Structure formats: structure tokens, C-alpha cells
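Take a look at the structure below.
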Amino acid sequence: MLENCSLCNLNCNVNRNTTFGACKCSVLPKLALASIHKWEEPCISGTNGSGTIFFSGCNLKCQFCQNYEISQNNFGKEVSIDRLANIMLELQDKNVHNINLVSPTPYVPQIIEAIIIAKNKRFKYSNCL
Ligand code: SF4
């Protein structure tokens, strides 16, 4: 899928193993931050907070993006899919109400793989799979 990427409506049809499309996302998930977020909408954050994972890069080009350094300048660090799965589990262990993925679209295949790995361990926020 990533060798001829059409994961979003921009349909770059590039090989993400060798080049970048409009989102500037490579093959490995790149994260800017993973942490408890207590300031999302109250119905998401609840009392314990949301387990937020900010992905670097973005397929949207919103003019007033509040995460510009992350979404457009690609600030972040690449992690393996195994590590992404463990990050989800580590957030779960902090008793958050959910796992909250910010700008996940360019990484959907990697995220699905990570959720499956996490689910095979002890991940409980995977009811959709
Ligand atoms: S996910 Fe990125 S590379 Fe793929 S079509 Fe969208 S913008 Fe292009």
C-alpha cells in the first residue's frame, strides 16, 4: 500500500520507501509526542485524561494549524511498529480513558499493525478491530 500511496484523497501515488508525498511521511511511524492529555474536550479527556499520540506530518494543509511544527515541519522521532504498540500499552497503563491519535491518516496501515500487536498483548482499546 505504501509503495503506491493513495491512503488519502491527495493520491500522491509515490513509493514511500524511497520518497515523500505531500504529507512528508515515510514508512516508519514518526511521533512528536505521546502523553496524557487532560485538556481535550471533557467528554474525551474525562477525569484521567486521554492517551494522546501526535504523529508527525499531515496530509491536510490547514492554514491555521496549531501544531504547525509537527504537522508541516515534521518535528518528531521515528519509531518501530512494535514500539508504537508498546507506547499504546504504556498509555493504557497510565489509566487514560482512550488512545487519541492526532493526524493519523498517513500512518493508518502501521497503526492497524500496532493495534493488532498491542491487542495480542493486553490492549483493551481495540474494540473496533
Ligand atoms: S498519505 Fe501522504 S503520500 Fe499518501 S496519498 Fe496522502 S499525502 Fe500522499
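Computed from a predicted structure; not experimentally measured. Nothing fancy with the numbering, it's 1 onward along the sequence. Order of listing sets the numbers, starting from 1, for every ligand and every atom in it.
- In this structure, Arg83 does not pair ionically with Glu78, as no charged nitrogen and carboxylate oxygen lie closer than 4.0 Å.
- Here CG of Asn98 is found 8.5 Å from CD of Glu40. Values are rounded to the nearest 0.5 Å.
- The heavy-atom pair separating Thr47 from Lys38 by the smallest distance is O-NZ, 4.0 Å.
- No salt bridge links Lys121 with Asp82; every basic N to acidic carboxylate O contact stays at or beyond 4.0 Å.
- Note on atom 8 (Fe) of ligand 1: protein N, O or S atoms under 2.8 Å away count 1, no waters included.
- The OG1 atom of Thr52 lies 9.0 Å from the CD1 atom of Ile44; values are rounded to the nearest 0.5 Å.
- Interatomic distance, CD1 of Ile36 versus CG of Asn48, reported as 8.5 Å (0.5 Å rounding).
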